[in-house]
Amino acid sequence: MNTLYTINMPKGCRYMSDYNQLINGILPINSKFILNKTLTGCGGTSLFLNSNLPVVIISPRIQVLKDKNSQHPDTFLFHVPLCNDRATAIGQKMSDLGRYLDCHGNTPFGISLQPAKILVTLDSSGKVLDVLNSRGETNSFLFIVDEFQCLMGDATFKGNTDMNFLVRLDNEVKHICYLSATPIPDIYLNYIPQLAGIPYYKLKWDPDVIEEPTLKEVQMKKGESAEKLCTQLIQRYRETGCFERKIIQGHIIESHEACIFLNEVKSIRNIILKNHLKPEEVTILCSESKTADLPKGFTIGGLCTDKYNPVNKPFTFCTKASFEGVDFYSTNASTYIFINAGKEWQTLDIMLDIPQILGRQRLEINPFRHDATIYYKTKPEEISEEEFRQKQEEMEKNSYEQLNTYNNAPDSAKEMMINFCRDRITDRKFVDDYIDVIQENGHATLGINHLVMVAKWNQWYQRNFYYNNSCQLLTSIQAAVNMRQKPQEVKNFETWYYNAPEKDRPAGYAKFRHAYPQYDELLLQNPFIDLRYHDWYATLGYEALLELHFQEVDVEKTYNEWCAQAPITEACRQTFKAGVLYSKQDVKTMLQQIYNTLGLVGKTAKATDLSAYLPVREKQRMNAEGKRVYYLEVPS
């Protein structure tokens, strides 16, 4: 078991760098440990990049490293883009790293003021290790495995890459920090030998510095897809000029940017083509290997990294394989997440992925940073727990039997078994066993891919306990992003509102505001509540809405009339002169003209309406035929 140590962050502290003791006495930086930040966007990577420690930051996502390199120019980014002579390019990059190290740390001219900071992807980390090992400097560095929950999340589609990375790092490096805000769940750690038993540090933050997200969960109906719903989102943006709106301190604030998280690049391509989006409207974050799948003229990357003057395109599309650790700098972006239980490895992990996504918006001035709409689609149960457990037990038994055979076989037979496993068709790997080709001390051997094994368990758990039960899904999302809790009454109302028929919402909204006036500000800042309800309640009040039986048509008519009161009054002052007698027919005609001019379509004038706008008195006069006629006069 991993020993758990809780670190209480100081009151009011929002960033890890605000607490110097973390890397100056509290964390065991001279050994191996897990650090659960528990909070995204708290500056974990920056803490180590700004420290006086020589570090190697290992990330599963190249975009993160590119952003960090842009923000910290003195770092060394070990990245070799795809090219024809890749071997030569890699060799050149390794030489460049050697020259960088000559200028940092223990140089021939003394100790450099700037310790080495190396940024590298998980896939290329072996090359960095080769350089450091050749110089005898490996143990001088602290290796930060950033977003290490991706080791499990990526395992089923990256083959043995992650497992081999973990084995080699554990064998050759003494100082390792496995860093994440959403680590691999505790129940799986003991099944991964390299993570089992090492100290586990967890940060506990002051709840007053954390804000709970406002989540709108939408279950996708039959026939609905991420592509169709995104099309509706784009159409709404084109019609209204914004994605969401909310009221803050009496002002209407609009969102003009959207970050949309999807499962597949194919969906992004279809959305772009169907809606005729242009490259200048779209930013795409996905694996570099998917470049060829994008529409002509579109490229990967280009996310704004200037947090002081962010300029973004209206639409940013991200896939599951691209968002971990990426910083989004926006003053107004809204977030939309599509959970679609399709291919297993593309299915979002509630416990790991959802909190990561919700923590991507970094700028506190963005009033929509804690808001997200989550679209989900449940799927029928495919395999029972008993059946799944039985299958897993069989696979584990087969794995150990094969390992036993391998360990007792002569060297020639071992080589044959390794080649057989290496050449096995991808679709047949991890179907009957978890045997994989593992690199140990530079030599290939057979072993159990523990990452794939726990990933399979996690996928089944997610699919059966979350994706097949909408109530469980929503509860789990709330639990996964557990921060400072909103009042339960507000959470209950929001859940009801999102799922209530539209005809029932005006009444439910007004009754909640009337019963809980202390929560007005929370409702006004919820971007998923119709702004008209705020206006109706503030203008007409609860009693008037009750008299109208909360009927939307009647309420809207009454509201419009009330809102027109001031301009009608001003028009009447300009039209009706004091001391002049107007016949009721003239008053009616003149008022109707005012209504028409102000655009009050359907509002029919009556002479008696004038008294609602101006003080009037009724007078009688004899007309030319000797009949009494009633006139209206505005007093002087």
Side-chain angles (χ1 to χ4, degrees), residues 5-29 33-59 61 63-75 114-115 117 119 142-149 177-183 200-213 303-310 323-331 333 335 355-371 480-484:
Y5 301 93
T6 299
I7 301 174
N8 293 306
M9 299 297 282
K11 187 172 180 60
C13 178
R14 178 60 180 79
Y15 297 97
M16 291 172 62
S17 56
D18 296 337
Y19 192 31
N20 291 329
Q21 287 89 329
L22 279 177
I23 55 175
N24 291 306
I26 295 179
L27 294 174
I29 58 176
F33 63 100
I34 294 170
L35 177 55
N36 180 359
K37 300 182 295 183
T38 67
L39 181 65
T40 58
C42 63
T45 311
S46 297
L47 170 70
F48 294 103
L49 286 176
N50 293 322
S51 71
N52 60 358
L53 301 171
V55 296
V56 177
I57 305 291
I58 304 174
S59 171
R61 309 293 181 244
Q63 184 63 45
V64 179
L65 300 177
K66 289 180 178 179
D67 293 347
K68 295 298 181 186
N69 181 238
S70 174
Q71 296 163 2
H72 301 270
D74 196 46
T75 57
Q114 297 295 329
K117 311 288 183 181
L119 309 173
L142 172 62
F143 285 69
I144 311 297
V145 184
D146 199 15
E147 309 296 351
F148 87 95
Q149 79 282 352
C177 170
Y178 295 99
L179 179 67
S180 177
T182 54
Y200 186 117
Y201 289 80
K202 184 175 183 179
L203 303 186
K204 186 176 181 181
W205 298 85
D206 175 6
D208 289 336
V209 304
I210 308 167
E211 186 173 337
E212 182 182 14
L303 191 69
C304 178
T305 59
D306 185 354
K307 60 183 176 181
Y308 300 107
N309 184 33
F323 62 76
E324 285 95 347
V326 176
D327 294 336
F328 292 88
Y329 298 116
S330 171
T331 60
T335 299
Q356 284 287 333
I357 291 174
L358 294 176
R360 292 304 100 209
Q361 293 294 339
R362 300 307 204 198
L363 294 186
E364 293 186 7
I365 59 174
N366 178 6
F368 300 92
R369 69 190 182 281
H370 295 303
D371 306 330
V481 296
N482 185 26
M483 298 181 183
R484 185 175 61 186

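Heavy atoms only: backbone and side chains are in, while hydrogens, waters and symmetry mates are out.
Looking at every heavy atom in both residues, N8 comes nearest to Y19 through O-CE2, 4.3 Å. Annotation for L27 and I23: closest pair CD1-CG2, 4.4 Å, computed over non-hydrogen atoms. Contact detail for P115 and P54: the closest heavy-atom pair is CB-N, 3.9 Å. Nearest heavy-atom pair across D371 and P367 is OD2-O, 3.7 Å. A333 and S330 get closest at one heavy-atom pair: N-OG, 3.0 Å. Residues C177 and L142 approach most closely at N-CD1, 4.2 Å, considering heavy atoms.
With hydrogens and angles ignored, the 3.5 Å screen pairs no side-chain donor or acceptor of D146 with any backbone N or O of S59. Without hydrogens or angle criteria, N69 side chain to L65 main chain gives no donor-acceptor distance under 3.5 Å. Side-chain atoms of D206 never come within 3.5 Å of backbone atoms of M9 as a donor-acceptor pair (strictly under, hydrogens ignored). With T38 contributing its side chain and L203 its backbone, the two residues share a donor-acceptor pair below 3.5 Å. Put simply, the side chain of R369 never gets that close to the backbone of Q361: no donor and acceptor are under 3.5 Å apart. At least one donor-acceptor pair under 3.5 Å links the side chain of K117 to the backbone N or O of F48.
The line from CD of E364 to OG1 of T331 is 14.0 Å long, rounded to the nearest 0.5 Å. Remark: S51 OG to N20 CG distance equals 11.0 Å, nearest 0.5 Å. To the nearest 0.5 Å, the span separating NE2 on H72 from CD on Q114 amounts to 11.5 Å. Summarising the geometry, atom CD1 belonging to I57 is positioned 6.0 Å from atom OG1 belonging to T45; distances are rounded to the nearest 0.5 Å.
Ring geometry for Y201 against Y5 counts as parallel: the plane angle stays under 30°, on a 0 to 90° scale with 60° as the upper cut.
Contact annotation: the side chain of C304 approaches that of P310 to within less than 4.5 Å [non-hydrogen atoms, C-beta and beyond]. Taking 4.5 Å as the limit, some side-chain heavy atom of L53 sits within range of a side-chain heavy atom of I29.
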Exercise. Run the side chain to side chain contact (heavy atoms under 4.5 Å, CB included) check on L179 and I34 step by step: do they pass?
Worked result: CA-CA 6 Å; L179 179 67; I34 294 170; over 6 Å; no
Exercise. Please walk me through it: do M16 and W205 pass side chain to side chain contact (heavy atoms under 4.5 Å, CB included)?
Worked result: CA-CA 10 Å; M16 291 172 62; W205 298 85; 3.9 Å; yes
Exercise. Would N36 and Y200 satisfy side chain to side chain contact (heavy atoms under 4.5 Å, CB included), going step by step from the backbone distance to the final call?
Worked result: CA-CA 8 Å; N36 180 359; Y200 186 117; 3.1 Å; yes
Problem set entry | Derivation of the side chain to side chain contact (heavy atoms under 4.5 Å, CB included) call for K37 and K202 | CA-CA 6 Å; K37 300 182 295 183; K202 184 175 183 179; over 6 Å; no
For this session: Report the C-alpha distance between D67 and Q71 in whole Å, list the side-chain angles of each, state the deciding distance to 0.1 Å, and finish with yes or no for side-chain hydrogen bond (donor to acceptor under 3.5 Å, both in side chains).
Result: CA-CA 6 Å; D67 293 347; Q71 296 163 2; 5.8 Å; no
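Ion pair D327/K68 flagged as a salt bridge, since at least one NZ, NE, NH1 or NH2 atom sits closer than 4.0 Å to an Asp/Glu carboxylate oxygen.
The ring-ring contact (aromatic ring centres under 6.0 Å, His included) check on Y15 picks up nothing, with sequence neighbours excluded. When the ring-ring contact (aromatic ring centres under 6.0 Å, His included) test is applied to Y178, the partners found at least two apart in sequence or on another chain are F148.
Between the side chains of D306 and Y329, no donor-acceptor pair is found at a separation under 3.5 Å.
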